Protein chains: 2
Amino acid sequence: MQLSPVMESFILHWGEMGSRWGLNRTVAQIYALLYVAGTPLPADEIAGTLKVARSNVSTSIRELQSWGLIARTHAIGDRRDHFVAETDLWTAAARVADARKRREIDPAIEALAGCLSDARTDDAIGKDAVARIRSMHDFLEAAGGWYEDVRELPQSKLETLMKMGAKVARLEARARKPKKKKKGKGRR
Amino acid sequence: MQLSPVMESFILHWGEMGSRWGLNRTVAQIYALLYVAGTPLPADEIAGTLKVARSNVSTSIRELQSWGLIARTHAIGDRRDHFVAETDLWTAAARVADARKRREIDPAIEALAGCLSDARTDDAIGKDAVARIRSMHDFLEAAGGWYEDVRELPQSKLETLMKMGAKVARLEARARKPKKKKKGKGRR
DNA sequence: TCCTTATTTCGGAATATTCTGAAACATCGT
DNA sequence: ACGATGTTTCAGAATATTCCGAAATAAGGA
């Protein structure tokens with residue numbers, strides 16, 4: 001795959017971004033490459049283009065699949081697996097959110113539940129400390145539950161909901177601080 | 001600060017969690033400690049309780065402040081700074097979300113905008129590749145804008161909105177898969 | 001089966017992050 | 001000003017992560 005200067009810079013930037021997001025550089029770059037390429041690429045070509053070890057690509061592809069961000073495809077007359085990026089960004093974002101919930105929120109809830117159950121036999125801990133732990137547990141559980149509910153909405157409904165949110169926000173803002181000149185009606 | 005077994009395990013778990021969330025262990029543990037303690041603690045006591053270097057506490061406290069998760073307070077007759085955790089979890093979550101947007105989303109938008117402007121003078125890049133980059137840029141910008149709008153809502157409104165979301169989700173779910181005991185009247 | 005090609009695993013090198021302890025710095029009271 | 005107390009900075013040690021390349025494994029076709 002021949003990269004144009006902008007494609008290259010896009011990929012590099014994504015590598016940066018990825019680190020902030022908890023992916024590692026290679027993983028992020030591979031996604032970026034597949035995303036701009038817009039066409040399925042085999043692993044060795046990815047390795048060649050990004051100049052990383054073939055094995056590194058293998059591992060990273062695994063991770064991307066676990067995030068649900070790329071998919072395997074096959075080309076006729078080619079035994080190699082090819083990979084495509086999910087290009088619908090709503091879908092991709094949802095996949096990332098799902099994965100993060102699963103990895104970050106759910107285990108936390110579980111851990112906190114464990115603490116709470118242990119707390120019953122811990123006579124050195126204060127009542128209020130337990131209460132605080134409980135409220136953190138409940139908070140996470142509520143947020144998680146809400147997410148699950150909303151997560152299953154078809155995209156159209158979701159968009160409607162988001163627009164509603166934004167609209168409410170704008171009305172609210174106007175009501176609360178009518179000092180802004182409010183020249184533009186749009187955001188930003 | 002004397003830690004009970006459960007408090008200790010809570011803190012340890014939080015340290016774990018923190019790493020998944022992009023904080024480092026010490027930072028996460030300090031927040032956890034202040035959170036369960038529920039009372040302001042001076043830096044050296046934090047260091048003593050968690051058995052980490054005093055300087056490490058100093059750095060971590062800085063970071064926690066930059067996330068807006070703890071605040072300085074003072075006790076009469078004590079020159080030392082004391083720190084308390086934000087215990088309202090709505091607020092804390094909002095602070096984290098703000099910080100993440102600022103660190104993760106905003107720079108990404110900027111980088112993508114840069115790519116797009118460069119793309120005009122890059123004749124080796126395909127139209128469709130540019131289009132894909134643009135759609136990613138627009139997606140992030142839209143999401144960021146939405147977030148900003150909603151972010152400013154008072155908590156009560158936000159909660160209403162979330163409840164609405166969940167309710168819509170439940171109705172929607174019933175309409176779409178009428179196999180639940182409810183005799184589905186709607187089909188799609 | 002055996003040869004060829006594609007993929008994965010894995011030990012350790014390269015790199016990046018986190019943490020420590022000492023020293024520098026700041027602030028207050030006297 | 002000086003000492004006492006508290007805080008921050010910083011270089012390098014400790015640790016963790018990422019990456020490479022060789023070797024093992026799988027899978028297809030003759």
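Keep in mind that this is a model prediction, so the values were computed, not measured. A note on names: the letters A, B, ... follow the listed sequences, proteins ahead of strands, and every chain is numbered from 1.
- A heavy-atom distance below 4.0 Å to DNA chain C is reached by these residues of residues 26-36 of chain B, ordered by number: Thr26(B).
- Within 6.0 Å of CD on Gln155(B) lie more than 12 heavy atoms contributed by other residues, nucleotides or ligands.
- A salt bridge between Asp44(A) and Arg54(A) is absent, with no side-chain N of the basic residue lying under 4.0 Å from a carboxylate O of the acidic one.
- Comparing the end axes of the helix from dT1(C)-dA30(D) to dT30(C)-dA1(D), each fitted to five base pairs by superposing C1' atoms of four pairs onto the next four, gives an inter-axis angle of 20° (nearest 10 degrees).
- Within 6.0 Å of atom CZ in Arg100(A), more than 12 heavy atoms from other residues, nucleotides or ligands are found, so the atom counts as buried in its surroundings.
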Could you pull out all donor-acceptor pairs under 3.5 Å where a side-chain atom in residues 61-71 of chain A meets a protein atom, sequence neighbours excluded?
| unit_1 | atom_1 | unit_2 | atom_2 | d |
| --- | --- | --- | --- | --- |
| Glu63(A) | OE2 | Trp67(A) | NE1 | 3.2 |
| Ser66(A) | OG | Glu63(A) | O | 2.8 |
| Ser66(A) | OG | Arg103(A) | NH2 | 2.9 |

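- Note on ring orientation: taking the six-membered ring where Trp is involved, the planes of Trp14(B) and Tyr31(B) are tilted (angle from 30° to 60°).
- Residue-environment remark: CZ (Arg25(B)) stays at or below the threshold of 12 foreign heavy atoms within 6.0 Å.
- Scanning for side chain to side chain contact (heavy atoms under 4.5 Å, CB included) contacts around Thr87(A) gives Tyr35(A), Arg132(B), with sequence neighbours left out.
- Rounded to a whole Å, the CD1 atom of Ile46(B) is 14 Å from the P atom of dG6(D).
- There is no side-chain donor-acceptor pair under 3.5 Å between His74(B) and Asp78(B).
- At distances below 3.5 Å, at least one donor-acceptor pair connects side-chain atoms of Asp122(A) with backbone N or O atoms of Val6(B).
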Would you mind building the protein contact string for nucleotides 1-17 of chain C? One character per nucleotide, 5' to 3', B for base within reach (heavy atoms under 4.0 Å), S for sugar-phosphate only, - for untouched. ----BSSBB--------
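- Rounded to whole Å, the distance from NE2 on His74(B) to P on dT7(D) is 8 Å.
- Atoms CG (Leu23(A)) and P (dT17(D)) sit 15 Å apart, rounded to a whole Å.
- Whole-Å rounding puts the Glu63(B) CD to dT9(D) P distance at 14 Å.
- With sequence neighbours excluded, the residues satisfying side-chain hydrogen bond (donor to acceptor under 3.5 Å, both in side chains) with Glu148(A) are Lys101(A).
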